[in-house]
Amino acid sequence: MENSNEINEMYVERFAFIETLSREFVAMTGCGVYVFLNPMDLDQLFDKYQNLGLSMRVFARQCVRNLT
């Protein structure tokens with residue numbers, strides 16, 4: 001069973017992921033991430049990010065290129 005510290009770390013990482021993704025979308029398109037994706041899409045992308053082992057920024061840039 002996960003303890004509260006592990007759960008908290010997961011939320012912090014997820015928040016950092018969404019912020020990084022949002023910054024990349026704004027930088028490359030002028031629009032925020034929610035113009036292109038809904039919250040469920042973000043959850044799926046976060047799961048993919050965790051499984052691929054790429055840096056957050058590299059993954060975010062690939063997402064922006066693939067979705068725009």
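Quick caveat: nothing in here was measured; it's all calculated off a predicted structure. Both backbone and side-chain heavy atoms feed into the values below; hydrogens, waters and symmetry mates do not.
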Going by heavy atoms in the side chains, are F59 and K48 under 4.5 Å from each other? yes
Taken in chain and number order and not counting sequence neighbours, the residues that satisfy salt bridge (Lys or Arg N to Asp or Glu O under 4.0 Å) with D41 are none
Please find the pair of heavy atoms, one from F46 and one from M10, that lie closest to each other, and give the distance. CZ-O, 4.3 Å
Could you pull out the closest heavy-atom pair between Y49 and S55, with the gap in Å? CE1-C, 4.0 Å
I need the minimum non-hydrogen distance between F36 and L67, along with the two atoms involved. CD2-O, 4.2 Å
If I take atom CD1 from residue I18 and atom CG from residue D43, how far apart are they, to the nearest 0.5 angstrom? 7.0 Å
As an exercise, state the distance from CG of L52 to CG of D47, rounded to the nearest 0.5 Å. 11.0 Å
Could you pull out every donor-acceptor pair under 3.5 Å between side chains of residues 20-29 and any protein atom, sequence neighbours left out?
residue, atom, partner, partner atom, Å
T20, OG1, A16, O, 2.9
T20, OG1, R23, NH2, 3.3
E24, OE1, R61, NE, 3.3
E24, OE2, R57, NE, 3.1
T29, OG1, F25, O, 2.5
T29, OG1, C31, N, 3.1
T29, OG1, C31, O, 3.2

Roughly how far, to the nearest 0.5 Å, is the CZ atom of F17 from the CG atom of L42? 7.0 Å
Atom pair CG (L45) and CD (Q62), whose distance is rounded to the nearest 0.5 Å: 11.0 Å
